[in-house]
Amino acid sequence: MSNKMWGGRFASGPDAIMEEINASIGFDYRFAAQDIRGSKAHVAMLAASGIVSAQDAVAITAGLDQIAGEIEAGSFTFSRALEDIHMNVESRLAEVVGPAAGRLHTARSRNDQVALDFRLWVRDTIDQIDDQLRDLQTCLAEKAQSCAAMVMPGFTHMQSAQPVTFGHHLLAYVEMLARDRGRFADARKRLNECPLGAAALAGTSFPIDRHATASELGFDRPTANSIDSVSDRDFVMESLSAAAICAVHLSRFAEEIVLWVTPQFGFVNLSDKFTTGSSIMPQKRNPDAAELVRGKSGRVIGALVGMLTVMKGLPLAYSKDMQEDKEGSFDAIHALSLCVAAMAGMVRDMSPASERMKAAAGSGYSTATDLADWLVRKLGLPFRQAHHVTGSIVKIAADAGCNLEDLSLAQMQAVEPTITQEVFSVLGVEQSVRSRTSYGGTSPENVTAQATNWLTRLADSDK
Ligand code: ARG
């Protein structure tokens with residue numbers, strides 16, 4: 001049987017393989033709500049512009065509402081022979097309202113229809129991810145507030161560098177997530193133009209009102225160029241870029257959690273809710289959720305690369321290649337959403353082992369910079385010389401197998417005779433973090449202020 005939507009010049013139907021490769025209903029059924037919303041706005045505009053009768057518009061709108069109900073109730077039968085969501089809905093509309101249904105597609109094409117549906121879907125998705133990211137930021141800022149003075153080792157090159165506070169470390173992720181949210185918000189701003197009415201690619205000869213449909217669908221304005229409207233998927237590429245960067249951020253935190261929960265680090269404990277046991281090793285508590293957050297970043301990055309590759313070199317305007325824009329995006333967004341939720345759960349339930357972190361913070365001569373700074377401040381040594389003196393003192397401690405504060409004053413004076421007893425006041429990890437009061441530094445005072453500031457901003461629903 002030839003296709004009832006365009007069967008005019010076709011004598012036979014497609015080969016089974018053609019039908020399989022061509023159909024998108026298996027995944028674009030997810031656009032059902034957006035598709036119906038767009039069709040309702042379109043038919044209302046057609047009626048207001050005198051292109052279809054008010055009576056037909058009422059019948060079409062009621063039919064679309066009925067179909068939305070059927071889809072929601074799960075009683076709608078999706079057909080692969082009808083290719084995609086657009087034709088599935090339209091074909092059912094013909095059954096429900098009769099020949100008037102055929103007027104809905106006036107001044108419209110599936111090209112602007114799919115561009116519209118996808119924009120609406122991405123816009124909804126960005127709003128949902130933004131809520132989730134805000135929730136994760138809140139979990140982190142709350143934990144940061146309660147751990148503002150908890151000392152842990154700060155690392156560079158994965159070597160103990162300088163003591164920091166656990167709260168400060170967590171707030172680093174709050175900042176990263178804020179930029180992720182900013183990237184999503186930027187993408188949302190740029191995508192918020194309505195392609196409906198671009199039709200196949202050239203616009204239409206009907207006197208449509210694109211400003212009306214744009215505003216009805218919550219867009220800032222209609223897109224300005226009909227060819228661009230149906231050709232580009234930069235709103236997908238941009239949103240997936242934001243998603244990929246966010247997933248990379250989460251993967252770094254996930255990796256830290258994986259390290260922190262090892263018996264060797266023992267910095268934090270995860271709750272039973274976000275860990276698993278081993279079927280053979282009874283002692284195990286595995287951080288699977290964190291490992292999966294780390295691993296799923298691969299899918300998100302993959303979706304971005306896939307999308308860029310589909311679009312690369314594609315001539316204007318629409319080509320069927322662009323049907324490949326959806327599955328990777330759905331998968332990536334689902335994965336990201338799950339990762340953000342899992343992270344929020346892990347952070348909320350995570351209990352830091354403060355004594356363990358503090359002990360680790362003091363190892364590896366992490367207060368050597370404090371010693372050097374003291375030599376500069378109190379003895380007036382140039383920093384380079386202070387660095388050298390400190391290096392020699394660290395070597396003495398390392399040779400003796402002890403910490404800096406375990407050396408005697410005499411041992412230090414052997415390197416720099418003017419050192420006084422007062423030096424011991426800067427060698428402890430708590431003194432070290434307390435002294436880092438520069439703007440953005442790790443002092444508990446700064447961390448408390450920043451965590452509090454974040455919590456206020458996050459509670460205000462616009463931030
Ligand atoms: N299912 C198609 C897609 O996802 C809809 C657009 C089809 N347009 C066309 N001219 N065949 O891209």
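All values derive from a computational prediction rather than experimental measurement. Computed over heavy atoms, backbone and side chain alike; hydrogens, waters and symmetry mates excluded. Both counts, for ligands and for their atoms, begin at 1 and track the order of listing.
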Pairing of [X] and [Y] as salt bridge, 4.0 angstrom limit:
X      : Y      : answer
Glu255 : Arg252 : no
Lys189 : Asp220 : no
Asp135 : Arg348 : yes

- Task: Please report the closest heavy-atom contact between Ala148 and Thr448, naming both atoms and the distance.
- Result: CB-OG1, 3.3 Å

- Do ligand 1 and Lys326 have nitrogen or oxygen atoms that lie under 3.5 Å from each other? yes

Among protein heavy atoms, which sits nearest to [atom], and what does the distance come to when rounded to 0.1 Å?
atom                    : value
atom 1 (N) of ligand 1  : Gln323 OE1, 2.8 Å
atom 5 (C) of ligand 1  : Asp84 OD2, 3.5 Å
atom 11 (N) of ligand 1 : Arg110 NH2, 3.4 Å
atom 8 (N) of ligand 1  : Asn111 OD1, 2.9 Å
atom 6 (C) of ligand 1  : Tyr318 OH, 3.4 Å

- Task: Report yes or no: does Arg356 contribute a side-chain atom to a donor-acceptor pair with the main-chain N or O of Phe265 at less than 3.5 Å?
- Result: yes

- Contacts of Trp454 meeting side-chain hydrogen bond (donor to acceptor under 3.5 Å, both in side chains) (sequence neighbours excluded), chain-then-number -> Glu175

- Query: Any idea which atoms of ligand 1 are less than 4.0 Å away from a heavy-atom of Ser24?
  - Reply: 1 (N)

